[in-house]
Amino acid sequence: MSIRPIRTEDYDDVRRITRGAYLEAGYFGDESHPYMAVLADIEHRAEHAEVWVAERDGVVVGSVALTFAGQRYTDIAIEGELEFRMLAVDPAVQRAGVGRAMVERIIEHARTLPGIEAVSLTSGSDMVRAHRLYESMGFVRVPERDWEVPNEDILLWVFRLAL
């Protein structure tokens with residue numbers, strides 16, 4: 001498996017994978033939820049964040065967006081943190097190590113960046129499988145930074161890994 005920057009020819013795969021991963025996990029009931037449009041807009045995400053894909057045997061099987069404090073796609077990163085968002089793995093290959101490999105690569109990359117001392121992310125309070133992954137990799141909850149999505153009944157937990 002390789003993890004590399006997104007190319008325009010990956011956009012449809014990333015759109016399908018991201019929507020499918022969020023729906024399959026039950027985070028949203030159907031495609032009509034407003035956040036599904038945000039997840040599907042890979043063109044905008046790729047323009048305003050660094051987007052990577054995981055590719056196995058020539059097939060895109062995952063994606064993630066990287067961002068830093070003050071950037072458009074940043075939710076919670078403060079100075080000195082690399083934030084990753086919208087980590088999604090194709091439901092057909094989940095639980096095969098793709099998500100873990102992507103997070104390992106993000107951590108490895110963060111360690112090479114001057115001034116970056118931690119990796120941070122938000123995760124829905126009900127995303128239990130994701131929480132187990134992050135905690136197994138050394139991320140810790142930072143409850144004082146948790147936040148609620150405006151106009152939604154969704155609590156987002158903040159996790160952080162000091163490098």
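Rounding to the nearest 0.5 Å places CE of Met137 at 13.0 Å from CZ of Phe159. Atom CG of residue Leu23 and atom NE2 of residue His33 lie 10.5 Å apart, to the nearest 0.5 angstrom. Note that CZ of Arg129 and OG of Ser123 are 11.5 Å apart. Values are rounded to the nearest 0.5 Å. Expressed to the nearest 0.5 Å, how far CZ of Phe84 lies from OG1 of Thr122 amounts to 9.0 Å. Taken from CG in Asp41 to OH in Tyr11, the straight-line distance is 10.0 Å, to the nearest 0.5 Å. In this structure, OG1 on Thr67 lies 13.0 Å from CG on Leu121, to the nearest 0.5 angstrom.
Within a 6.0 Å sphere centred on CD of Glu43, other residues, nucleotides and ligands contribute more than 12 heavy atoms.
Side-chain contact check for His109 versus Glu50: some heavy-atom pair is nearer than 4.5 Å. Taking the side chain as every heavy atom from C-beta outward, Met86 and Val51 never approach each other to under 4.5 Å. Here the side chains of Trp147 and Asp75 are in contact, with some heavy-atom distance below 4.5 Å. Side-chain contact check for Val103 versus Phe139: some heavy-atom pair is nearer than 4.5 Å.
Using a cutoff of 4.0 Å between basic side-chain nitrogens and carboxylate oxygens, Arg160 and Glu117 are not scored as salt-bridged. Salt bridge status for Arg145 with Glu83: absent, with no side-chain N to carboxylate O gap under 4.0 Å.
Residues Val64 and Ile116 fall within the same hydrophobic cluster, defined by Ile, Leu, Val, Met, Phe, Trp and Tyr side chains chained together at heavy-atom separations under 4.5 Å. At a threshold of 4.5 Å between side-chain heavy atoms, the hydrophobic network of Ile, Leu, Val, Met, Phe, Trp and Tyr places Val14 and Met1 in two separate groups. Both Met102 and Leu163 sit in one connected hydrophobic cluster of ILVMFWY residues. Membership requires side-chain heavy atoms under 4.5 Å apart, directly or through other members. The same ILVMFWY cluster, assembled from side-chain heavy atoms under 4.5 Å apart, contains both Ile154 and Val158. Residues Val38 and Leu87 are members of separate hydrophobic clusters, defined by side-chain heavy-atom contacts under 4.5 angstrom among Ile, Leu, Val, Met, Phe, Trp and Tyr.
Taking all atoms of both residues into account, the shortest heavy-atom contact from Ala101 to Ile3 is O-CD1, 3.5 Å. Here the shortest heavy-atom pairing between Leu82 and Ala110 reads CD2-CB, 3.6 Å. Taking every heavy atom of both residues into account, Ala118 and Ala162 meet most closely at CB-CA, 4.1 Å. What you find for Val98 and Ala54 is that their closest heavy atoms are CG1-CB, 3.9 Å. Closest approach of Ala77 to Ser120, counting heavy atoms only: CA-OG, 4.0 Å. Counting all heavy atoms, side chain and backbone alike, Ala40 lies closest to Arg15 at O-NH1, 2.6 Å.
Relative ring orientation between His131 and Trp157 is described as parallel, the plane-to-plane angle staying below 30° on a 0-90° scale split at 30° and 60°.
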| message | Please determine whether side-chain contact (heavy atoms from CB on, under 4.5 Å) holds for the pair Arg45 and Thr18, giving the CA-CA distance in whole Å, both sets of side-chain angles, and the decisive distance to 0.1 Å. | response | CA-CA 12 Å; Arg45 191 157 60 251; Thr18 307; 4.0 Å; yes
| task | Output, in order, the C-alpha distance, side-chain angles, deciding distance and verdict of side-chain contact (heavy atoms from CB on, under 4.5 Å) for Arg4 and Asp10. | result | CA-CA 11 Å; Arg4 60 167 174 78; Asp10 301 324; 2.7 Å; yes
| Stepwise side-chain contact (heavy atoms from CB on, under 4.5 Å) test for His44 and Arg72 | CA-CA 10 Å; His44 190 267; Arg72 185 167 190 151; 3.4 Å; yes
| said: Could you walk me through whether Leu161 and Tyr134 satisfy the side-chain contact (heavy atoms from CB on, under 4.5 Å) test, starting with their C-alpha distance in whole Å, then the side-chain angles of each, then the deciding distance to 0.1 Å, before giving a yes or no? | reply: CA-CA 9 Å; Leu161 174 71; Tyr134 303 138; over 6 Å; no
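Glu31 places no side-chain N or O within 3.5 Å of a backbone atom of Met36 that could act as its donor or acceptor partner. Using modelled atom types, no side-chain atom of Asp90 and backbone atom of Gly62 make a donor-acceptor pair closer than 3.5 Å. Judged purely by atom type and a 3.5 angstrom limit, Arg85 uses its side chain to pair as donor or acceptor with the backbone of Tyr73.
Grouped with Val140 in a hydrophobic cluster is no other residue, since no side-chain heavy-atom contact under 4.5 Å to another Ile, Leu, Val, Met, Phe, Trp or Tyr is found.
Among the candidates Val60, Leu39, Ile42, the single residue satisfying the side-chain contact (heavy atoms from CB on, under 4.5 Å) test with Ile17 is Val60.
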